[in-house]
Amino acid sequence: MTTGSGLFSGMATGAPLAVPEEIARGAGTVLPSAEVVMDPSPDDRMAEIFRRAADPADPMELRDLYLGRMEAELGRHSTRPELASRWRESTVRRPFGSEEILSSRATVRFVKEMFNYYFRDDLYGDLRPTADVILSGGAVDEEAWGLPGVLKECVSYALTRDWYGYSDSRGREASREAVARYESARMGFSAYGAENIALTMGATFAISSLADFLLLGGTGTAPALCALPNYPPLVESVARRADTKLVPLPARDGTTSLRPLIDQLRPDTPLVLLQTAANPTGALVPEEELDELIQAASPNTAIVLDECHEWLGRPVSLSKLRAAPNVIRVSSLSKNWSAPGLKVGWIIADRAFVDEYYEYASTTFGGPPSFFYTLVEVLARMERWIVTGVEEPGTEQCGEFEPGYGVQPRALAAAYRAYRSDRLARQESLMALRDAVTGGLDLPGVSVMPAAYSINLALNFDDYADSYLCFRDLLRETGVSVFPGLLTFGLSGGTVRITSARRWEELSVALDRLATRQNRVRSTTRSTASDPQSNGLRHSRGRTHG
């Protein structure tokens with residue numbers, strides 16, 4: 001809480017950010033490996049679900065068949081025998097290939113239904129009692145790595161001043177101006193003004209509203225393009241408004257190639273949805289290929305860049321074409337600022353687009369919560385100062401705030417020192433944890449792709465061709481919950497995701513349990529392979545069943 005009358009008059013402190021010394025010493029030692037390639041393209045195992053469905057356009061049937069096969073393969077560990085029976089009674093009805101899967105509306109809804117099922121029915125439903133360590137959340141542990149103290153003070157100050165009334169549907173102008181200057185600093189030139197910014201209620205809401213705004217009433221014949229991997233609620237938002245084509249992008253050596261997406265562009269493509277840093281691999285889109293994509297697209301093709309995972313990596317020079325008139329950039333406080341529940345963010349777009357979006361916003365939701373405007377303004381100003389190398393704010397920086405804030409130079413300097421220290425310590429600590437987890441996953445039968453960005457890591461358990469089955473087995477055997485790659489549209493293989501931005505006490509327990517499990521599995525594999533009496537008890541994926 002603030003103790004004086006002006007903003008920053010209270011003591012601004014953040015949460016403790018310490019990690020074990022041995023972890024901190026190892027930071028920066030893990031680099032992306034060119035040997036690991038992750039491709040989300042559908043495989044024959046995924047196609048089998050569509051081949052057996054009575055109606056391959058029915059996502060609920062696809063979901064139940066998928067779960068049924070998994071329950072059948074779990075054997076005595078099955079928890080839903082009725083689904084296993086349904087799978088055993090099914091037969092192949094038709095051919096079905098990768099292109100049909102990637103163009104099917106049912107594929108998007110099937111993955112979204114599996115996403116719902118994972119959280120609602122499994123992880124936080126029937127299986128919750130067995131989940132001792134949950135590494136599948138996809139966000140920073142906000143209790144350990146919470147919102148910087150200076151930003152908490154901003155919320156407190158706004159509530160104390162009763163700053164929560166109705167406002168411009170794009171957000172308060174001072175906040176939008178601060179975001180514009182920050183994003184211009186990131187770009188390296190004066191790319192934006194307040195007229196290019198609209199504040200939003202987080203990235204998921206923003207992309208859903210953009211899909212409404214851009215696609216409803218469209219008359220084009222080409223489908224919208226959604227790059228894979230991707231977040232199911234976002235892709236579902238697009239697919240419910242327009243025909244959609246899924247475009248798998250392979251990740252290798254810390255980068256995601258855009259070549260398949262560029263090749264799918266048509267003159268009448270209405271929209272492209274792309275993560276600039278992929279979830280779950282943490283692989284970054286090369287700026288030169290992003291340039292090529294934007295140049296190859298029609299001026300009428302809206303290119304929506306989800307930039308939310310673009311952090312915790314080496315700084316790169318952003319392409320000037322990110323400021324092109326048909327590019328819409330989406331940011332959120334959920335990941336980078338440890339605020340997944342606050343639902344605060346912004347979009348950056350051409351002035352004419354934002355002007356039109358004002359009418360949509362004012363009709364649909366009115367505007368974002370106004371008591372966050374001070375938080376956004378202070379965050380954007382201090383982030384810009386960090387980007388531009390400000391060591392100590394002075395009169396010029398004080399002058400950026402309206403007189404009504406009552407900002408005093410000494411208080412501002414103290415707040416900025418606290419904020420910068422908090423942010424840099426947090427970044428170093430989270431990168432050190434990510435490196436430590438990556439090293440700890442160097443286990444028999446596990447292939448991990450070191451993340452170039454993000455708090456997430458993608459890894460393959462070599463004995464699995466199904467990521468959800470891998471999740472179920474790992475949870476039962478170790479009490480560790482991982483996130484199935486299927487739920488980020490990984491339509492093949494046993495890739496799962498682990499979120500490293502958790503307390504080290506949790507991470508170390510999880511790593512120890514996974515190591516014990518992998519060593520046991522590898523030992524069993526060797527003994528079974530050498531036992532002539534094993535009589536084929538192992539499946540082709542190298543798993544044992546009771």
Side-chain angles (χ1 to χ4, degrees), residues 32-49 66 69-70 73 98 101-102 107 110-111 114-115 117-118 122-123 135-138 226-232 235 246-257 260 275 277-284 309 434 437-438 440-475 478 480-500 510-511 514 517-518 521 540-543:
S33 171
E35 299 175 0
V36 180
V37 178
M38 294 191 175
D39 187 345
S41 301
D43 59 9
D44 193 67
R45 183 175 168 87
M46 178 59 65
E48 185 182 19
I49 300 296
Y66 181 93
R69 180 175 62 189
M70 180 191 67
E73 293 174 343
S98 293
I101 293 172
L102 295 172
T107 302
F110 155 64
V111 172
M114 288 299 304
F115 180 89
Y117 196 92
Y118 172 81
D122 274 352
L123 181 58
L135 300 184
S136 48
C226 291
L228 305 185
N230 218 312
Y231 186 50
V235 181
L246 305 176
V247 184
L249 304 180
R252 181 188 180 96
D253 196 21
T255 62
T256 298
S257 173
Q275 293 181 325
N279 173 23
T281 62
L284 192 70
H309 290 270
R434 188 179 65 193
V437 172
T438 304
L441 290 170
D442 184 15
L443 301 172
V446 175
S447 303
V448 60
M449 173 172 281
Y453 294 81
S454 185
I455 56 173
N456 295 321
L457 292 165
L459 55 151
N460 281 323
F461 284 78
D462 297 344
D463 288 343
Y464 288 89
D466 187 305
S467 62
Y468 208 98
L469 184 61
C470 182
F471 149 70
R472 286 287 301 270
D473 274 355
L474 292 178
L475 183 62
T478 69
V480 177
S481 168
V482 297
F483 192 74
L486 172 66
L487 308 185
T488 52
F489 284 93
L491 302 177
S492 60
T495 299
V496 297
R497 186 191 78 190
I498 281 179
T499 299
S500 62
L511 293 173
L514 292 173
R517 191 257 182 197
Q518 288 306 108
V521 167
S540 62
R541 294 183 307 284
R543 301 182 59 255

Checklist entry - Sequence neighbours excluded, which residues qualify as side chain to side chain donor-acceptor pair (under 3.5 Å) partners of S136? => result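 Result, side chain to side chain donor-acceptor pair (under 3.5 Å) vs S136: Y118, S481.
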Checklist entry - Quick one: side chain to side chain donor-acceptor pair (under 3.5 Å) partners of S467, sequence neighbours excluded? => result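 Checked S467 against side chain to side chain donor-acceptor pair (under 3.5 Å); zero matches.
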With no hydrogens and no angle check, is any side-chain donor or acceptor of [X] less than 3.5 Å from a backbone partner on [Y]?
X: R252; Y: D39; result: no
X: D466; Y: Y468; result: yes
X: R69; Y: R45; result: yes
X: T107; Y: I101; result: yes

For a quick test of reading the model, state the closest non-hydrogen atom pair linking [X] to [Y] and the distance between them.
X: A278; Y: P229; answer: CB-CG, 4.0 Å
X: A227; Y: L249; answer: CB-CD1, 3.5 Å
X: T256; Y: A283; answer: OG1-CB, 3.3 Å
X: D462; Y: S447; answer: OD1-OG, 3.4 Å
X: P42; Y: S98; answer: O-OG, 3.5 Å
X: Y453; Y: R434; answer: C-NH1, 3.3 Å

Validation row: [X], [Y] side chains within 4.5 angstrom (heavy atoms):
X: S454; Y: N279; result: no
X: V437; Y: V448; result: no
X: L441; Y: I498; result: yes
X: V496; Y: Y464; result: no

Next on the checklist: Checking side chain to side chain contact (heavy atoms under 4.5 Å, CB included) between P280 and each of R497, H309, M449, which is the one that passes?
Outcome noted: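 Passing option: R497.
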Nearest-0.5 Å distance, [atom1] of residue [X] to [atom2] of residue [Y]:
X: T438; Y: L457; atom1: OG1; atom2: CG; result: 4.0 Å
X: L469; Y: L474; atom1: CG; atom2: CG; result: 9.5 Å
X: T499; Y: L135; atom1: OG1; atom2: CG; result: 7.5 Å
X: M38; Y: T495; atom1: CE; atom2: OG1; result: 4.5 Å
X: L246; Y: L228; atom1: CG; atom2: CG; result: 5.0 Å

Checklist entry - Which residues pass the ring-ring contact (aromatic ring centres under 6.0 Å, His included) test with Y66, sequence neighbours left out? => result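 Partners of Y66 under the ring-ring contact (aromatic ring centres under 6.0 Å, His included) test: F110.
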Extract all donor-acceptor atom pairs below 3.5 Å that involve side chains of residues 482-490 and protein atoms in other chains or at least two apart in sequence.
{"from": "T488", "atom 1": "OG1", "to": "G485", "atom 2": "O", "distance (Å)": "3.0"}

Checklist entry - Taking only residues two or more places apart in sequence or in another chain, which ones pass salt bridge (Lys or Arg N to Asp or Glu O under 4.0 Å) with D122? => result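 Partners of D122 by the salt bridge (Lys or Arg N to Asp or Glu O under 4.0 Å) criterion, ordered by chain and then number, come out as R80.
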Item to check | Contacts of D43 that satisfy salt bridge (Lys or Arg N to Asp or Glu O under 4.0 Å) - sequence neighbours left out | outcome: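 Residues passing salt bridge (Lys or Arg N to Asp or Glu O under 4.0 Å) with D43: none at all.
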